[in-house]
Amino acid sequence: MITSAGILLYRLARSGEREVWIAHMGGPFWAGKDEHAWSIPKGEYGPDEDPYIAALREFEEEMGSPAPPADYRLLGEFRQSSRKTITVFCAESDFLPEQIVSNTFSLEWPPHSGRFQEVPEIDDAGWFSVGAARTKLVKGQLQVLDALETS
């Protein structure tokens, strides 16, 4: 089983509506896509690794800055359609980095072409209302928003 850990930051907007911090996935497959092309900052971790520590590491790798100091709590474990389980921690924060600088990975693109390129894991991130996030997040992560709204 593949396990990932991530951080979902939330804040209360001036309008009184809750907003969440999510990230647009990088690479040519996701380029030009907006609907269901975003994710919470997350990444895989091994069986001997603490999921909270992994979530903090993955947040920093994908955002280019550490997760903000906050009172993080376990939101839950969520099974994805890809047979991956994501452990999500959440906290209230008004995180506003100066820029997003994600780590990169090597990708063969187009598939089976023999051509590889370095692409960022994340190419954008920002605050969105929960309603907007429901159209942006990959469908397997919508249950994370459900859990946040009932917590």
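Both backbone and side-chain heavy atoms feed into the values below; hydrogens, waters and symmetry mates do not.
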Exceeds 12 heavy-atom contacts within 6.0 angstrom, atom CD of E98: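 No, CD of E98 has 12 or fewer neighbouring heavy atoms, counting only those of other groups under 6.0 Å.
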
K139, NZ: over 12 other non-hydrogen atoms inside 6.0 angstrom: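 No.
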
[X] and [Y]: same hydrophobic cluster, using ILVMFWY side-chain contacts below 4.5 Å?
X    : Y    : answer
V119 : M25  : yes
Y10  : V130 : yes
L8   : F128 : yes
F78  : F89  : no
M63  : I53  : yes

Rounded distance [0.5 Å steps], [atom1] in [X] versus [atom2] in [Y]:
X    : Y    : atom1 : atom2 : answer
Y52  : D50  : OH    : CG    : 9.0 Å
T104 : D123 : OG1   : CG    : 13.0 Å
N103 : E118 : CG    : CD    : 10.0 Å
I22  : I40  : CD1   : CD1   : 10.0 Å
I122 : F59  : CD1   : CZ    : 10.5 Å
K42  : S4   : NZ    : OG    : 5.0 Å

If we only count heavy atoms from C-beta on, is the [X] to [Y] side-chain gap below 4.5 Å?
X    : Y    : value
R115 : P110 : yes
P41  : W21  : yes
Q143 : Q80  : yes
I7   : V88  : no

Residue pairs, two or more places apart or on separate chains, that pass side chain to side chain donor-acceptor pair (under 3.5 Å) and touch residues 62-76: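 Listed by first then second residue: R73-S151.
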
Any residue meeting side chain to side chain donor-acceptor pair (under 3.5 Å) with E149, in chain and number order, not counting sequence neighbours: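 E149 satisfies side chain to side chain donor-acceptor pair (under 3.5 Å) with R134 once adjacent residues are dropped.
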
Expected output: side-chain T150 to main-chain D146 donor-acceptor under 3.5 Å: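 Yes, T150 side chain to D146 backbone: donor-acceptor pair under 3.5 Å.
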
Side-chain donor/acceptor of H36 to backbone N/O of K136, under 3.5 Å: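 The answer is no, because no donor-acceptor pair under 3.5 Å joins these two groups.
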
Near-ring test F95/W127, centroid separation under 6.0 angstrom: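 Ring centroids of W127 and F95 are no less than 6.0 Å from each other.
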
Distance-only donor-acceptor check, side chains T3 and E44, under 3.5 Å: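 Per modelled atom types, T3 and E44 side chains form no pair under 3.5 Å.
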
If you look at every heavy atom in [X] and [Y], which pair is closest and at what distance?
X    : Y    : value
A125 : I100 : CB-CD1, 4.0 Å
G6   : I86  : N-CG2, 4.4 Å
W38  : H24  : CE3-N, 3.1 Å
S93  : L9   : CB-CD2, 4.1 Å

Pair E19-R11, salt bridge (charged side-chain N to carboxylate O under 4.0 Å, His left out): steps then yes or no: CA-CA 5 Å; E19 295 179 325; R11 70 180 185 183; 2.6 Å; yes

Pair E108-S113, side-chain contact (heavy atoms from CB on, under 4.5 Å): steps then yes or no: CA-CA 7 Å; E108 183 179 16; S113 67; 4.1 Å; yes

Residue pair T85, I2: steps toward the side-chain contact (heavy atoms from CB on, under 4.5 Å) verdict: CA-CA 6 Å; T85 298; I2 299 171; over 6 Å; no

